[in-house]
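Encoded as structure tokens, the structure appears first; notes follow it.
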Amino acid sequence: MLREKRKSSKLQKRVDEIAATLQKEQATCDKHRVELKEALTKQIQIMEEREKLAVALQKAEDCNTRLQEQQRAEARYQFKQLHDKCQCEQQKTALEESKTALNELQQNYTALGRRHSDVSSKYCEVLTRHNTLLLSDDKLRYAQLPQQSSTLLY
């Protein structure tokens, strides 16, 4: 019996040690379970935050793309306006040059008209003189005719 008591006592001691170890293991497992739950909760929060950030990033990229397209459109519009303005300035310059050339041509035309009028007047004067001289010449010839015929008769 003593032997059995010792054996029983050893077994009880062994059972107590195992129970203590199991309780420690249980406490460690509970502690780890709490830590894992906290880590899982934290990971879920991080994933949710990551999803929110991904959505925000996509929105920002879309907004940036639209903004860049608007800027390109505005730049194209401003370039067209500038091009049109330059073209308008070139047309103004060409118009001014055309006006200047037209004024010069009009002045030349007017001057030529005056010269033509002067030449025409002088031509008329010369023609009148010529006709007068022809008439005088004819009168002189006619006046000399009877004298010549009377000189011829003698």
Residue pair R141, D138: steps toward the salt bridge (charged side-chain N to carboxylate O under 4.0 Å, His left out) verdict: CA-CA 5 Å; R141 282 185 194 204; D138 285 346; 5.3 Å; no
Step-by-step side chain to side chain donor-acceptor pair (under 3.5 Å) determination, E74 to Q78: CA-CA 6 Å; E74 180 66 25; Q78 287 175 352; 3.1 Å; yes
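Using a 4.0 Å cut-off between a side-chain N of Lys or Arg and a carboxylate O of Asp or Glu, D30 and R33 qualify as a salt bridge. For the pair E69 and R66, the salt-bridge criterion is not met [side-chain N within less than 4.0 Å of a carboxylate O].
Between atom CG of residue L112 and atom CG of residue D118 there is a gap of 11.5 Å, rounded to the nearest 0.5 Å. Between H130 atom NE2 and T128 atom OG1 the span is 11.0 Å, to the nearest 0.5 Å. For the atom pair OG1 (T65) and CD (E61), the distance works out to 7.0 Å, reported to the nearest 0.5 Å. Separating the CG atom in L127 from the CG atom in L134 is a distance of 9.5 Å, to the nearest 0.5 Å. Distance NZ/K85 to NZ/K92: 9.0 Å, rounded to 0.5 Å. Taking NE2 of H116 as the reference point, atom OG of S121 lies at 9.5 Å (rounded to 0.5 Å).
Within 6.0 Å of CD in E4 there are 12 or fewer heavy atoms belonging to other residues, nucleotides or ligands. Heavy-atom neighbours of R72 CZ from other residues, nucleotides or ligands within 6.0 Å: above the threshold of 12. Annotation for Q43: atom CD does not count as buried by contact number, only 12 or fewer foreign heavy atoms lying within 6.0 Å.
Looking only at side-chain heavy atoms (C-beta outward), Q106 and N103 come within less than 4.5 Å of each other. Inter-residue side-chain proximity for Q58 and D62 is flagged as met; some heavy-atom pair is nearer than 4.5 Å. Between Q87 and H83, some side-chain heavy-atom pair lies under the 4.5 Å cut-off. Between Q70 and L67, the closest side-chain pair of non-hydrogen atoms falls below 4.5 Å. Residues L53 and L57 are not in side-chain contact: their nearest non-hydrogen atoms beyond the backbone lie 4.5 Å or more apart.
Tested against I44 for a side chain to side chain contact (heavy atoms under 4.5 Å, CB included), the candidates K42, E48, M47 yield a single pass: E48. Just one residue in the list E97, E96, Q90 forms a side chain to side chain contact (heavy atoms under 4.5 Å, CB included) with T93, and that residue is E97.
For the 3.5 Å distance criterion, the side chains of D16 and Q12 qualify, holding a donor opposite an acceptor.
Using a distance-only test at 3.5 Å, with no hydrogens or angles considered, no donor-acceptor pair links the side chain of S117 to the main chain of G113.
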